[in-house]
Amino acid sequence: MTAWTGISEIKQKIAETSAEEVTASYLETIGKSCINGFITTWDKALEAARGIDTGGHEGPLAGVPIAIKDNISTTGLSTTCSSKILQGYVPPYDAHVIEKLRAAGAVILGKTNMDEFAMGTSTESSYYGATLNPWDAARVPGGSSGGSAAVVAAGEAPVSLGSDTGGSVRCPAAFCGVVGLKPTYGCISRFGLISYANSLEQIGPLATNVADIATLMDVIAGYDPRDSTSINRENTYSNAMKDDVKGLKIGVPEEYFGEGIDEDVEKLVWDAIGKYEDMGASWKKVSMPHTKYALASYYIIAMSEASSNLARFDGTRYGFRADGDNWHVMASKTRAQGFGEEVKRRILLGTYALSAGYHDKYYLKSLKVRTLVKQDFDRALAEVDVLMGPTMPTPAFRIGEKIDDPLSLYLADVNTVPINLAGVPSISLPCGFVEGMPVGLQIIGKHFDENTVLRAAYSFEQNTEHHTRRPGEVA
Ligand code: GLN
(Lines give C-alpha, C1' and ligand atoms only; values in the text may rest on other atoms or scores of the structure.)
Protein backbone atom coordinates (compact mmCIF):
# COMPACT_ATOMS: atom_id res chain seq x y z
CA MET A 1 0.00 0.00 0.00
CA THR A 2 1.20 3.49 -0.72
CA ALA A 3 0.94 6.24 1.86
CA TRP A 4 -1.22 9.27 1.18
CA THR A 5 0.17 12.22 3.01
CA GLY A 6 -1.71 15.50 3.12
CA ILE A 7 -0.25 19.00 3.52
CA SER A 8 -0.63 19.10 7.32
CA GLU A 9 1.19 15.76 7.76
CA ILE A 10 3.90 16.91 5.35
CA LYS A 11 4.43 20.04 7.45
CA GLN A 12 4.70 17.87 10.55
CA LYS A 13 7.27 15.64 8.83
CA ILE A 14 9.26 18.69 7.75
CA ALA A 15 9.28 19.96 11.33
CA GLU A 16 10.54 16.55 12.55
CA THR A 17 13.07 16.03 9.74
CA SER A 18 13.59 18.59 6.95
CA ALA A 19 12.08 19.77 3.69
CA GLU A 20 15.07 18.23 1.94
CA GLU A 21 14.36 14.79 3.43
CA VAL A 22 10.68 14.97 2.53
CA THR A 23 11.46 15.98 -1.08
CA ALA A 24 14.14 13.27 -1.29
CA SER A 25 11.65 10.61 -0.20
CA TYR A 26 9.17 11.69 -2.91
CA LEU A 27 11.91 11.70 -5.55
CA GLU A 28 12.85 8.18 -4.47
CA THR A 29 9.22 7.01 -4.79
CA ILE A 30 8.98 8.65 -8.23
CA GLY A 31 12.22 6.89 -9.24
CA LYS A 32 10.60 3.50 -8.57
CA SER A 33 7.31 4.36 -10.26
CA CYS A 34 5.87 2.34 -13.11
CA ILE A 35 2.79 4.45 -13.87
CA ASN A 36 4.54 6.98 -16.16
CA GLY A 37 2.95 9.94 -14.39
CA PHE A 38 5.91 12.31 -14.67
CA ILE A 39 7.51 13.46 -17.93
CA THR A 40 10.34 15.29 -16.13
CA THR A 41 11.48 15.65 -12.55
CA TRP A 42 13.10 18.92 -11.55
CA ASP A 43 16.86 18.51 -11.11
CA LYS A 44 16.92 21.44 -8.66
CA ALA A 45 14.10 20.17 -6.40
CA LEU A 46 16.46 19.08 -3.63
CA GLU A 47 18.37 22.35 -3.81
CA ALA A 48 15.08 24.28 -3.57
CA ALA A 49 14.02 22.20 -0.54
CA ARG A 50 17.40 22.84 1.11
CA GLY A 51 16.86 26.55 0.51
CA ILE A 52 13.56 26.31 2.40
CA ASP A 53 15.34 24.61 5.33
CA THR A 54 18.22 27.07 5.55
CA GLY A 55 16.15 30.17 4.80
CA GLY A 56 13.58 29.38 7.52
CA HIS A 57 10.76 29.93 4.99
CA GLU A 58 7.45 30.53 6.71
CA GLY A 59 5.12 30.51 3.69
CA PRO A 60 1.90 28.47 3.82
CA LEU A 61 3.46 25.73 1.66
CA ALA A 62 7.04 25.89 3.00
CA GLY A 63 8.73 22.70 1.81
CA VAL A 64 5.53 21.08 0.46
CA PRO A 65 6.30 19.13 -2.73
CA ILE A 66 3.95 19.60 -5.70
CA ALA A 67 3.62 18.12 -9.20
CA ILE A 68 2.70 20.39 -12.13
CA LYS A 69 0.91 19.54 -15.37
CA ASP A 70 3.26 19.93 -18.32
CA ASN A 71 1.25 22.72 -19.97
CA ILE A 72 2.04 25.18 -17.14
CA SER A 73 5.20 27.20 -17.84
CA THR A 74 8.13 26.74 -15.47
CA THR A 75 11.38 28.71 -15.82
CA GLY A 76 14.32 26.42 -16.47
CA LEU A 77 12.17 23.27 -16.56
CA SER A 78 10.97 21.87 -19.85
CA THR A 79 7.28 22.34 -20.67
CA THR A 80 6.14 20.10 -23.51
CA CYS A 81 2.33 19.80 -23.37
CA SER A 82 3.16 16.11 -24.00
CA SER A 83 3.81 17.02 -27.64
CA LYS A 84 6.78 16.31 -29.86
CA ILE A 85 6.43 19.85 -31.23
CA LEU A 86 7.51 21.31 -27.87
CA GLN A 87 10.28 18.81 -27.24
CA GLY A 88 13.20 20.66 -25.66
CA TYR A 89 11.24 23.87 -25.02
CA VAL A 90 12.27 25.51 -21.75
CA PRO A 91 10.11 28.54 -20.87
CA PRO A 92 11.95 31.76 -20.03
CA TYR A 93 9.29 32.68 -17.44
CA ASP A 94 7.06 31.18 -14.76
CA ALA A 95 3.28 30.97 -15.01
CA HIS A 96 1.46 33.17 -12.48
CA VAL A 97 0.52 30.10 -10.40
CA ILE A 98 4.16 28.96 -10.32
CA GLU A 99 5.28 32.38 -9.05
CA LYS A 100 2.64 32.11 -6.33
CA LEU A 101 3.64 28.56 -5.40
CA ARG A 102 7.35 29.40 -5.21
CA ALA A 103 6.60 32.47 -3.07
CA ALA A 104 4.54 30.27 -0.72
CA GLY A 105 7.51 27.91 -0.34
CA ALA A 106 6.27 24.95 -2.42
CA VAL A 107 8.89 22.66 -3.97
CA ILE A 108 8.19 21.67 -7.57
CA LEU A 109 8.88 17.96 -8.02
CA GLY A 110 8.43 17.88 -11.78
CA LYS A 111 6.04 18.01 -14.71
CA THR A 112 3.25 15.52 -15.24
CA ASN A 113 2.04 13.61 -18.25
CA MET A 114 -1.13 14.65 -20.07
CA ASP A 115 -3.02 14.23 -23.31
CA GLU A 116 -1.18 16.14 -26.03
CA PHE A 117 -2.09 19.85 -25.64
CA ALA A 118 -4.76 18.79 -23.07
CA MET A 119 -6.92 17.31 -25.84
CA GLY A 120 -8.33 14.11 -24.46
CA THR A 121 -9.95 12.15 -21.67
CA SER A 122 -7.47 9.33 -21.11
CA THR A 123 -3.81 10.57 -21.20
CA GLU A 124 -3.21 8.07 -24.00
CA SER A 125 -2.42 10.69 -26.65
CA SER A 126 0.83 11.79 -24.97
CA TYR A 127 4.00 11.70 -27.08
CA TYR A 128 5.62 10.26 -23.93
CA GLY A 129 3.30 7.23 -23.71
CA ALA A 130 0.17 6.59 -21.66
CA THR A 131 -0.02 7.05 -17.88
CA LEU A 132 -1.38 4.00 -16.04
CA ASN A 133 -4.13 4.14 -13.42
CA PRO A 134 -2.64 3.32 -9.98
CA TRP A 135 -5.79 1.34 -9.05
CA ASP A 136 -5.46 -0.94 -12.09
CA ALA A 137 -2.52 -0.63 -14.46
CA ALA A 138 -4.65 -1.91 -17.36
CA ARG A 139 -6.90 1.15 -17.15
CA VAL A 140 -6.55 4.80 -18.09
CA PRO A 141 -6.13 7.43 -15.34
CA GLY A 142 -8.53 9.77 -17.16
CA GLY A 143 -7.46 12.97 -18.81
CA SER A 144 -6.21 15.23 -19.83
CA SER A 145 -4.48 15.86 -16.44
CA GLY A 146 -4.00 12.08 -16.02
CA GLY A 147 -0.43 12.38 -14.75
CA SER A 148 -1.38 14.97 -12.12
CA ALA A 149 -4.16 12.75 -10.72
CA ALA A 150 -2.26 9.46 -10.97
CA VAL A 151 0.86 10.71 -9.14
CA VAL A 152 -1.27 11.98 -6.25
CA ALA A 153 -3.22 8.69 -6.11
CA ALA A 154 0.04 6.71 -6.23
CA GLY A 155 1.62 8.72 -3.39
CA GLU A 156 4.29 10.18 -5.72
CA ALA A 157 3.24 13.75 -4.85
CA PRO A 158 0.94 15.00 -2.08
CA VAL A 159 -0.74 17.59 -4.32
CA SER A 160 -0.66 18.72 -7.94
CA LEU A 161 -1.98 21.22 -10.46
CA GLY A 162 -3.90 20.34 -13.60
CA SER A 163 -5.97 22.32 -16.09
CA ASP A 164 -9.64 21.84 -16.96
CA THR A 165 -11.02 22.93 -20.33
CA GLY A 166 -13.90 20.46 -20.44
CA GLY A 167 -13.27 18.16 -17.48
CA SER A 168 -9.53 17.58 -17.44
CA VAL A 169 -9.11 18.03 -13.67
CA ARG A 170 -12.40 16.40 -12.62
CA CYS A 171 -12.27 13.36 -14.95
CA PRO A 172 -8.85 12.10 -13.80
CA ALA A 173 -9.70 12.98 -10.18
CA ALA A 174 -12.78 10.72 -10.50
CA PHE A 175 -10.91 7.90 -12.26
CA CYS A 176 -8.00 7.96 -9.78
CA GLY A 177 -10.05 8.41 -6.58
CA VAL A 178 -8.72 11.84 -5.60
CA VAL A 179 -10.25 15.32 -5.23
CA GLY A 180 -10.06 17.86 -8.08
CA LEU A 181 -11.49 21.37 -8.41
CA LYS A 182 -12.31 23.35 -11.57
CA PRO A 183 -12.60 26.90 -10.22
CA THR A 184 -14.87 29.63 -11.62
CA TYR A 185 -13.56 31.07 -14.89
CA GLY A 186 -11.50 34.12 -13.97
CA CYS A 187 -10.50 32.94 -10.48
CA ILE A 188 -6.96 31.87 -11.32
CA SER A 189 -4.68 33.63 -13.77
CA ARG A 190 -4.02 31.69 -16.98
CA PHE A 191 -0.79 33.64 -17.55
CA GLY A 192 1.77 30.99 -18.49
CA LEU A 193 -0.77 28.24 -19.10
CA ILE A 194 -0.26 27.11 -22.69
CA SER A 195 -3.69 27.62 -24.22
CA TYR A 196 -5.81 24.91 -25.75
CA ALA A 197 -9.22 26.67 -25.60
CA ASN A 198 -8.80 29.85 -23.60
CA SER A 199 -12.47 30.81 -23.16
CA LEU A 200 -13.12 27.52 -21.35
CA GLU A 201 -10.08 26.60 -19.31
CA GLN A 202 -8.92 27.13 -15.75
CA ILE A 203 -5.99 25.78 -13.79
CA GLY A 204 -7.20 23.60 -10.91
CA PRO A 205 -5.70 21.79 -7.88
CA LEU A 206 -5.75 18.02 -7.18
CA ALA A 207 -5.22 16.47 -3.73
CA THR A 208 -6.15 13.55 -1.50
CA ASN A 209 -8.49 15.67 0.62
CA VAL A 210 -10.69 18.76 0.37
CA ALA A 211 -8.75 20.86 2.91
CA ASP A 212 -5.61 20.63 0.76
CA ILE A 213 -7.60 21.87 -2.25
CA ALA A 214 -8.65 24.94 -0.21
CA THR A 215 -5.06 25.55 0.96
CA LEU A 216 -3.82 25.48 -2.64
CA MET A 217 -6.61 27.79 -3.78
CA ASP A 218 -5.65 30.30 -1.07
CA VAL A 219 -2.17 30.38 -2.64
CA ILE A 220 -2.86 30.30 -6.39
CA ALA A 221 -6.17 32.21 -6.83
CA GLY A 222 -6.29 35.97 -7.17
CA TYR A 223 -6.00 38.89 -9.53
CA ASP A 224 -3.29 39.12 -12.18
CA PRO A 225 -3.28 42.01 -14.68
CA ARG A 226 -1.41 39.80 -17.20
CA ASP A 227 -4.59 37.75 -17.79
CA SER A 228 -7.37 40.02 -19.06
CA THR A 229 -10.00 37.55 -17.85
CA SER A 230 -8.64 37.50 -14.29
CA ILE A 231 -11.11 38.82 -11.71
CA ASN A 232 -10.20 41.02 -8.76
CA ARG A 233 -12.05 39.36 -5.92
CA GLU A 234 -10.80 38.41 -2.47
CA ASN A 235 -11.74 35.06 -0.95
CA THR A 236 -10.35 32.76 1.75
CA TYR A 237 -11.12 29.25 0.59
CA SER A 238 -9.94 27.53 3.78
CA ASN A 239 -12.73 29.35 5.68
CA ALA A 240 -15.09 26.87 4.00
CA MET A 241 -13.72 23.86 5.92
CA LYS A 242 -16.84 23.40 8.06
CA ASP A 243 -18.73 20.16 8.58
CA ASP A 244 -22.17 21.66 8.11
CA VAL A 245 -24.70 21.17 5.32
CA LYS A 246 -27.84 21.75 7.36
CA GLY A 247 -30.35 23.55 5.17
CA LEU A 248 -28.20 23.17 2.02
CA LYS A 249 -30.41 22.93 -1.07
CA ILE A 250 -29.21 20.43 -3.65
CA GLY A 251 -30.45 20.25 -7.24
CA VAL A 252 -30.10 16.99 -9.14
CA PRO A 253 -30.21 17.55 -12.93
CA GLU A 254 -32.07 14.63 -14.51
CA GLU A 255 -30.08 15.10 -17.72
CA TYR A 256 -26.87 14.06 -15.88
CA PHE A 257 -28.24 10.53 -15.51
CA GLY A 258 -28.96 10.02 -19.21
CA GLU A 259 -28.05 7.37 -21.75
CA GLY A 260 -24.69 5.67 -21.28
CA ILE A 261 -24.47 6.05 -17.51
CA ASP A 262 -23.32 2.93 -15.66
CA GLU A 263 -26.04 1.67 -13.27
CA ASP A 264 -23.58 1.14 -10.41
CA VAL A 265 -22.18 4.67 -10.81
CA GLU A 266 -25.72 6.03 -10.76
CA LYS A 267 -26.48 4.10 -7.56
CA LEU A 268 -23.37 5.42 -5.78
CA VAL A 269 -24.29 9.01 -6.65
CA TRP A 270 -27.84 8.54 -5.33
CA ASP A 271 -26.37 6.97 -2.17
CA ALA A 272 -24.23 10.11 -1.76
CA ILE A 273 -27.27 12.36 -2.19
CA GLY A 274 -29.06 10.21 0.42
CA LYS A 275 -26.12 10.76 2.74
CA TYR A 276 -26.47 14.52 2.32
CA GLU A 277 -30.12 14.19 3.27
CA ASP A 278 -29.09 12.33 6.46
CA MET A 279 -26.68 15.18 7.14
CA GLY A 280 -29.47 17.76 7.03
CA ALA A 281 -29.51 18.88 3.38
CA SER A 282 -32.53 18.66 1.07
CA TRP A 283 -32.64 17.81 -2.63
CA LYS A 284 -34.94 18.14 -5.59
CA LYS A 285 -34.76 17.27 -9.26
CA VAL A 286 -34.00 20.11 -11.63
CA SER A 287 -34.07 20.23 -15.40
CA MET A 288 -31.28 21.57 -17.57
CA PRO A 289 -32.83 21.07 -21.01
CA HIS A 290 -29.90 22.30 -23.11
CA THR A 291 -27.47 19.74 -21.68
CA LYS A 292 -27.99 17.58 -24.76
CA TYR A 293 -26.46 20.26 -26.98
CA ALA A 294 -23.51 20.99 -24.70
CA LEU A 295 -21.09 18.38 -26.08
CA ALA A 296 -21.49 19.48 -29.70
CA SER A 297 -21.22 23.14 -28.76
CA TYR A 298 -18.17 22.52 -26.55
CA TYR A 299 -16.25 20.56 -29.18
CA ILE A 300 -16.87 23.14 -31.91
CA ILE A 301 -15.78 26.03 -29.65
CA ALA A 302 -12.80 24.13 -28.21
CA MET A 303 -11.53 23.00 -31.62
CA SER A 304 -12.02 26.47 -33.13
CA GLU A 305 -10.01 28.09 -30.36
CA ALA A 306 -7.39 25.35 -30.60
CA SER A 307 -6.93 25.89 -34.33
CA SER A 308 -6.11 29.53 -33.60
CA ASN A 309 -4.05 28.99 -30.42
CA LEU A 310 -1.86 26.29 -31.95
CA ALA A 311 -1.00 28.38 -35.05
CA ARG A 312 2.06 29.71 -33.18
CA PHE A 313 3.78 26.31 -33.20
CA ASP A 314 5.57 26.41 -36.53
CA GLY A 315 9.19 25.58 -35.71
CA THR A 316 10.27 29.25 -35.67
CA ARG A 317 10.32 29.96 -31.97
CA TYR A 318 9.74 26.93 -29.79
CA GLY A 319 10.84 23.31 -29.50
CA PHE A 320 11.05 20.90 -32.42
CA ARG A 321 11.99 22.10 -35.93
CA ALA A 322 11.99 19.95 -39.10
CA ASP A 323 14.40 20.62 -42.00
CA GLY A 324 13.20 22.59 -45.01
CA ASP A 325 14.73 24.68 -47.81
CA ASN A 326 12.50 27.62 -47.01
CA TRP A 327 10.22 28.77 -44.17
CA HIS A 328 7.01 27.35 -45.70
CA VAL A 329 8.44 23.88 -46.16
CA MET A 330 10.05 23.97 -42.69
CA ALA A 331 6.82 25.12 -41.00
CA SER A 332 4.55 22.64 -42.70
CA LYS A 333 6.94 19.74 -42.10
CA THR A 334 7.35 20.80 -38.45
CA ARG A 335 3.58 20.77 -37.95
CA ALA A 336 3.09 17.53 -39.88
CA GLN A 337 5.77 15.73 -37.86
CA GLY A 338 5.39 17.55 -34.55
CA PHE A 339 1.66 17.24 -33.84
CA GLY A 340 -0.04 13.91 -33.07
CA GLU A 341 -3.19 12.53 -34.75
CA GLU A 342 -5.77 13.93 -32.32
CA VAL A 343 -4.26 17.42 -32.30
CA LYS A 344 -4.21 17.49 -36.12
CA ARG A 345 -7.82 16.29 -36.25
CA ARG A 346 -8.87 19.16 -33.96
CA ILE A 347 -6.86 21.83 -35.81
CA LEU A 348 -8.47 20.73 -39.09
CA LEU A 349 -12.02 20.58 -37.69
CA GLY A 350 -11.58 23.89 -35.85
CA THR A 351 -10.21 25.60 -38.97
CA TYR A 352 -13.20 24.26 -40.92
CA ALA A 353 -15.69 25.53 -38.31
CA LEU A 354 -14.15 29.01 -38.48
CA SER A 355 -13.82 29.24 -42.25
CA ALA A 356 -15.86 31.63 -44.38
CA GLY A 357 -19.25 30.14 -45.11
CA TYR A 358 -19.20 27.82 -42.07
CA HIS A 359 -18.41 30.31 -39.33
CA ASP A 360 -22.05 31.26 -38.79
CA LYS A 361 -23.35 27.76 -39.25
CA TYR A 362 -21.03 26.12 -36.70
CA TYR A 363 -18.99 28.53 -34.58
CA LEU A 364 -21.54 31.29 -34.05
CA LYS A 365 -24.33 28.79 -33.51
CA SER A 366 -22.22 27.05 -30.85
CA LEU A 367 -21.72 30.35 -29.06
CA LYS A 368 -25.49 30.84 -28.99
CA VAL A 369 -25.97 27.34 -27.61
CA ARG A 370 -23.33 28.15 -25.01
CA THR A 371 -25.50 31.03 -23.78
CA LEU A 372 -28.51 28.69 -23.52
CA VAL A 373 -26.45 26.20 -21.50
CA LYS A 374 -25.28 28.97 -19.18
CA GLN A 375 -28.88 30.11 -18.71
CA ASP A 376 -29.80 26.54 -17.64
CA PHE A 377 -27.25 26.92 -14.83
CA ASP A 378 -28.45 30.42 -13.90
CA ARG A 379 -32.04 29.19 -13.63
CA ALA A 380 -31.24 26.01 -11.69
CA LEU A 381 -28.81 27.72 -9.33
CA ALA A 382 -31.35 30.45 -8.55
CA GLU A 383 -33.45 27.74 -6.86
CA VAL A 384 -30.74 25.63 -5.18
CA ASP A 385 -27.28 26.15 -3.64
CA VAL A 386 -25.43 23.42 -5.53
CA LEU A 387 -26.01 20.82 -8.22
CA MET A 388 -24.89 17.20 -7.87
CA GLY A 389 -24.40 14.34 -10.29
CA PRO A 390 -21.80 11.85 -11.49
CA THR A 391 -18.50 13.35 -12.69
CA MET A 392 -18.04 10.61 -15.28
CA PRO A 393 -20.71 8.22 -16.60
CA THR A 394 -18.50 5.15 -15.98
CA PRO A 395 -15.42 4.17 -13.95
CA ALA A 396 -12.03 4.29 -15.73
CA PHE A 397 -12.06 2.35 -18.99
CA ARG A 398 -9.29 0.09 -20.28
CA ILE A 399 -6.20 1.41 -22.01
CA GLY A 400 -6.78 1.12 -25.77
CA GLU A 401 -10.53 0.55 -25.41
CA LYS A 402 -11.64 3.86 -26.94
CA ILE A 403 -8.51 5.18 -28.58
CA ASP A 404 -9.57 4.30 -32.15
CA ASP A 405 -12.99 5.85 -31.71
CA PRO A 406 -12.63 9.58 -30.92
CA LEU A 407 -16.39 10.09 -30.74
CA SER A 408 -16.81 7.59 -27.90
CA LEU A 409 -14.02 9.41 -26.03
CA TYR A 410 -15.77 12.75 -26.55
CA LEU A 411 -19.04 11.27 -25.24
CA ALA A 412 -17.38 10.47 -21.90
CA ASP A 413 -17.25 14.24 -21.26
CA VAL A 414 -21.03 14.62 -21.30
CA ASN A 415 -21.32 15.69 -17.63
CA THR A 416 -18.18 17.82 -17.40
CA VAL A 417 -18.23 20.11 -20.46
CA PRO A 418 -21.47 22.02 -19.65
CA ILE A 419 -19.73 23.40 -16.54
CA ASN A 420 -16.92 24.92 -18.64
CA LEU A 421 -19.39 26.41 -21.11
CA ALA A 422 -21.10 28.14 -18.16
CA GLY A 423 -17.86 29.02 -16.34
CA VAL A 424 -19.14 27.84 -12.93
CA PRO A 425 -17.01 26.03 -10.28
CA SER A 426 -17.18 22.27 -9.84
CA ILE A 427 -15.41 19.68 -7.72
CA SER A 428 -15.07 15.91 -8.08
CA LEU A 429 -14.57 13.81 -4.96
CA PRO A 430 -14.59 10.07 -4.25
CA CYS A 431 -18.04 8.60 -3.49
CA GLY A 432 -17.43 4.84 -3.71
CA PHE A 433 -16.10 2.04 -5.88
CA VAL A 434 -17.35 -0.09 -8.77
CA GLU A 435 -15.38 -3.31 -9.30
CA GLY A 436 -12.51 -1.88 -7.30
CA MET A 437 -12.37 1.35 -9.34
CA PRO A 438 -13.14 4.74 -7.77
CA VAL A 439 -16.20 6.79 -8.74
CA GLY A 440 -16.45 10.59 -8.50
CA LEU A 441 -19.32 12.72 -7.22
CA GLN A 442 -19.53 16.10 -8.95
CA ILE A 443 -20.69 19.17 -6.97
CA ILE A 444 -21.32 22.32 -9.03
CA GLY A 445 -21.83 25.81 -7.59
CA LYS A 446 -22.69 29.39 -8.52
CA HIS A 447 -20.07 31.66 -10.10
CA PHE A 448 -17.42 32.50 -7.45
CA ASP A 449 -19.22 30.44 -4.81
CA GLU A 450 -16.40 27.92 -4.42
CA ASN A 451 -16.84 28.09 -0.67
CA THR A 452 -20.28 26.47 -0.73
CA VAL A 453 -18.95 23.75 -3.06
CA LEU A 454 -15.94 23.20 -0.79
CA ARG A 455 -18.06 23.14 2.37
CA ALA A 456 -20.39 20.54 0.82
CA ALA A 457 -17.41 18.43 -0.28
CA TYR A 458 -15.64 18.74 3.08
CA SER A 459 -18.79 17.73 5.00
CA PHE A 460 -19.22 14.61 2.83
CA GLU A 461 -15.59 13.68 3.39
CA GLN A 462 -15.91 14.10 7.17
CA ASN A 463 -18.92 11.77 7.27
CA THR A 464 -17.83 9.01 4.85
CA GLU A 465 -14.92 6.59 4.44
CA HIS A 466 -14.49 6.49 0.63
CA HIS A 467 -11.44 8.72 0.60
CA THR A 468 -9.60 6.51 3.10
CA ARG A 469 -9.15 3.63 0.63
CA ARG A 470 -5.78 3.56 -1.14
CA PRO A 471 -4.66 1.91 -4.36
CA GLY A 472 -2.33 -1.08 -3.98
CA GLU A 473 1.12 -1.00 -5.53
CA VAL A 474 1.03 -1.28 -9.31
CA ALA A 475 2.71 -4.53 -10.35
N1 GLN B 1 -11.83 15.79 -22.88
C2 GLN B 1 -12.04 17.16 -23.19
C3 GLN B 1 -11.34 17.51 -24.50
O4 GLN B 1 -10.72 16.66 -25.02
C5 GLN B 1 -11.56 18.03 -22.10
C6 GLN B 1 -10.11 18.28 -22.08
C7 GLN B 1 -9.67 19.28 -21.09
O8 GLN B 1 -10.39 19.65 -20.15
N9 GLN B 1 -8.47 19.83 -21.29
O10 GLN B 1 -11.41 18.58 -24.99
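Order of listing sets the numbers, starting from 1, for every ligand and every atom in it.
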Distance filter under 4.0 Å to [X] heavy atoms, resulting ligand 1 atoms:
X: Asp164; result: 8 (O)
X: Thr121; result: 1 (N)
X: Gly166; result: 5 (C), 7 (C), 8 (O)
X: Met119; result: 4 (O)
X: Tyr298; result: 2 (C), 3 (C), 5 (C), 6 (C), 10 (O)
X: Tyr196; result: 3 (C), 9 (N), 10 (O)
X: Ala118; result: 6 (C), 7 (C), 9 (N)

No-hydrogen, no-angle side-chain donor-acceptor test under 3.5 Å, Thr215 and Ser238: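 No donor-acceptor contact under 3.5 Å links the two side chains.
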Of the listed options Asp413, Thr416, Val169, closest to atom 2 (C) of ligand 1 (non-hydrogen atoms): Asp413
Cation-pi, Phe339 ring and Lys344 (6.0 angstrom, 45 degrees):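 Output no; distance or angle outside limits.
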Quick one: does [X] get a heavy atom under 4.0 Å from ligand 1?
X: Arg346; result: yes
X: Ala302; result: no
X: Tyr410; result: no

Closest protein heavy atom (residue, atom, distance) for atom 9 (N) of ligand 1: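 Closest protein heavy atom to atom 9 (N) of ligand 1: Ser168 OG, 2.6 Å.
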Positive for side chain to side chain contact (heavy atoms under 4.5 Å, CB included) with Phe397, one of Ile403, Val140, Asn133: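 Testing Phe397 for a side chain to side chain contact (heavy atoms under 4.5 Å, CB included) against Ile403, Val140, Asn133 leaves exactly one candidate, Val140.
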Glu263 and Lys267: CA distance, side-chain angles, deciding distance, salt bridge (charged side-chain N to carboxylate O under 4.0 Å, His left out) verdict: CA-CA 6 Å; Glu263 270 177 32; Lys267 185 178 173 306; over 6 Å; no
For Tyr298, ring pair (Phe, Tyr, Trp, His ring centres under 6.0 Å) partners two or more places apart: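 With neighbours one apart ignored, the set is empty.
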Beyond-backbone contact of Thr416 with Thr391, side-chain heavy atoms, under 4.5 angstrom: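 They are in contact (side-chain heavy atoms under 4.5 Å apart), so the answer is yes.
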Side chain proximity check, Arg170 to Asn420, heavy atoms < 4.5 angstrom: yes
Near-ring test Phe117/Phe313, centroid separation under 6.0 angstrom: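 Ring centres of Phe117 and Phe313 closer than 6.0 Å.
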